[in-house]
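Note that the coordinates shown come from a computational prediction; the quantities given were computed from them, not determined experimentally. For ligands, and for the atoms within them, numbers begin at 1 and follow the listed sequence.
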Amino acid sequence: MNIPESLIVEQQDEILLVKINRPKKRNAINDELILGLETVFSTIPKGVKCAVLYGEGQHFSAGLDLSELRERDIVEGLQHSRMWHRALEKIQFGTVPVVAVIHGACVGGGLEIASACHIRVAEQSTFYALPEGQRGIFVGGGASVRLPKLIGVARMADMMFTGRVISAEEGILMGFSQYLVSENKGLEKGIELAKKISLNAEMTNYALMHVLPRIVDSGASEGLMMESLISTIAASSPEAKKRLGDFLEGRAKKVGES
Ligand code: 1HE
């Protein structure tokens, strides 16, 4: 497997920890790194149930490595954007849910990578921006599809029109991150969430990753039909029957019990 030095992958029981490790360049994403992410998320080892993606150093990621952008022609540019789409599809529609733990800069392509994950935990130092507008370019890693679903079209357009920087607190109010934690506590929180997610029935995680986004992208009538299908499939699995029985016979936790 071709994993570059700028990615560190470590398995802790059922959790895969994936670290972007290019701190001298603020975890800017060059081709090697995006291809490495594609490889890692295409080849999740058997037994892994959830992944945590985070960054080394002071920042999650400064986005696209701008030093590689200069001399591309139009076709190369298209292929480059499609390469990002492919890699981020592997994160979003891979085999396991991915928790992003973000801190410092989460900008441009870094924000696009975090948007492809399933849950985002932000440390207090996090700031978000889409500097593409200021650099004279446009997002190319899927932000126009994923980001409006998280924060809304108007907010994304504002970020690009004005170069506005969003704080960690604003990020949570806007719906970009789901958890806000103090500095250096992100990984601990990310692992805690990953452990919780790993305890779910496999079918529930599968439906949340692969079916829910398709329902959201479809019309109401098709969406409701897909919901009926997946809820019936999920409820008929032996795991669901066991869990329902556990609750009805007093062996399972009540809502809110930990
Ligand atoms: C980089 C990059 C990069 C840093 N490409 N080399 N992204 C941006 O427009 C963000 C550009 N970066 C920044 O605004 C700042 O670097 C940060 C706010 C993220 C961090 O600031 P700081 O003071 O901690 O670091 P620095 O001194 O600016 O950078 C340290 C080194 O990292 C320096 O290299 P050095 O060789 O002079 O030490 C920087 O050149 C390098 N560096 N960011 C290349 N992005 C799929 S399309 C997505 C399109 C985009 O992502 S566009 C947004 C690009």
Side-chain angles (χ1 to χ4, degrees), residues 4-7 18-41 53-93 98 100-117 120 122-151 155-168 170-171 176-177 183-184 186:
E5 277 177 17
S6 48
L7 273 180
V18 182
K19 180 161 71 171
I20 305 175
N21 183 41
R22 207 182 168 219
K24 284 192 180 142
K25 294 290 178 186
R26 306 307 185 251
N27 292 335
I29 311 290
N30 55 15
D31 287 359
E32 182 182 77
L33 241 166
I34 199 74
L35 289 169
L37 285 172
E38 184 182 5
T39 305
V40 167
F41 286 97
L53 178 63
Y54 66 113
E56 174 64 37
Q58 300 303 307
H59 303 281
F60 175 71
S61 170
L64 180 69
D65 186 324
L66 294 171
S67 68
E68 287 190 352
L69 189 63
R70 285 153 305 162
E71 304 294 341
R72 277 187 202 121
D73 67 21
I74 289 177
V75 173
E76 286 167 346
L78 282 165
Q79 284 168 344
H80 180 263
S81 170
R82 297 301 284 161
M83 174 174 80
W84 270 68
H85 288 173
R86 234 178 33 235
L88 270 52
E89 281 260 325
K90 300 288 184 204
I91 295 178
Q92 185 180 2
F93 295 118
V98 185
V101 172
I102 49 193
H103 71 297
C106 178
V107 305
L111 186 57
E112 295 186 297
I113 292 172
S115 301
C117 298
R120 282 148 294 276
E123 291 187 356
Q124 204 68 48
S125 63
T126 307
F127 58 96
Y128 310 96
L130 289 173
E132 286 88 340
Q134 273 54 53
R135 310 267 180 247
I137 55 176
F138 195 73
V139 292
S144 18
V145 169
R146 294 191 182 97
L147 198 53
K149 286 183 181 150
L150 296 170
I151 66 170
R155 288 195 179 112
M156 176 177 168
D158 176 30
M159 286 173 81
M160 288 196 71
F161 276 133
T162 65
R164 177 176 172 179
V165 175
I166 307 286
S167 67
E170 286 175 301
F176 186 75
S177 73
E183 221 34 34
N184 300 318

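- Proximity of atom 25 (O) of ligand 1 to the protein is indicated by at least one non-hydrogen atom lying closer than 4.0 angstrom.
- Nearest non-hydrogen protein atom to atom 53 (C) of ligand 1 is Pro131 CG, 3.8 Å.
- By the 4.0 Å heavy-atom criterion, Glu112 is counted among the residues contacting ligand 1.
- Considering only non-hydrogen protein atoms, atom 18 (C) of ligand 1 sits nearest to Phe127 CZ, 4.2 Å.
- Per-atom contact check: atom 11 (C) of ligand 1 touches the protein, criterion being a heavy-atom distance below 4.0 Å.
- In terms of protein heavy atoms, atom 50 (C) of ligand 1 is closest to Glu132 OE2, 3.3 Å.
- Partners of Glu170 according to the side chain to side chain donor-acceptor pair (under 3.5 Å) rule, which considers only residues two or more places apart in sequence or in another chain, are Arg164, Ser167.
- With hydrogens left out, the protein atom closest to atom 54 (C) of ligand 1 is Ala62 O, 3.6 Å, a heavy atom.
- For Ala105, no nitrogen or oxygen atom sits less than 3.5 Å from a nitrogen or oxygen atom of ligand 1, counting backbone and side chain alike.
- Considering only non-hydrogen protein atoms, atom 14 (O) of ligand 1 sits nearest to Arg135 NH2, 4.1 Å.
- Considering Ala28, Gly109, Gly110 only, the shortest heavy-atom separation from atom 6 (N) of ligand 1 involves Ala28.
- Checked against a 3.5 angstrom limit, the closest N/O atoms of Trp84 and ligand 1 fall outside it.
- A heavy-atom separation below 4.0 Å is found between Arg26 and ligand 1.
- In this structure, Lys24 counts as a contact residue of ligand 1, since one of its heavy atoms falls inside 4.0 Å of the ligand.
- The protein heavy atom nearest to atom 35 (P) of ligand 1 is Lys25 NZ, 3.5 Å.
- Within a 4.0 Å radius of atom 48 (C) of ligand 1, the protein contributes one or more non-hydrogen atoms.
- Side chains of Ile151 and Met159 form a contact here, defined as non-hydrogen atoms less than 4.5 Å apart.
- Within a 4.0 Å radius of atom 28 (O) of ligand 1, the protein contributes no heavy atom.
- Listed by chain and residue number, Phe176 satisfy the ring-ring contact (aromatic ring centres under 6.0 Å, His included) test with Tyr128 (two or more places apart in sequence, or in another chain).
- With no hydrogens or angles considered, no side-chain donor-acceptor pair links His103 and Asn184 at under 3.5 Å.
- Shown here, atom 39 (C) of ligand 1 is out of close reach of the protein: none of its heavy atoms lies under 4.0 Å off.
- Taking only non-hydrogen atoms, the option from Ile29, Asp65, Leu111, Ile34 nearest to atom 44 (C) of ligand 1 is Asp65.
- The N/O atoms of Leu64, backbone and side chain alike, include one that comes under 3.5 Å of an N/O atom in ligand 1.
- Of the polar atoms of Leu66, at least one N or O is found under 3.5 Å from an N or O of ligand 1, judged by distance alone.
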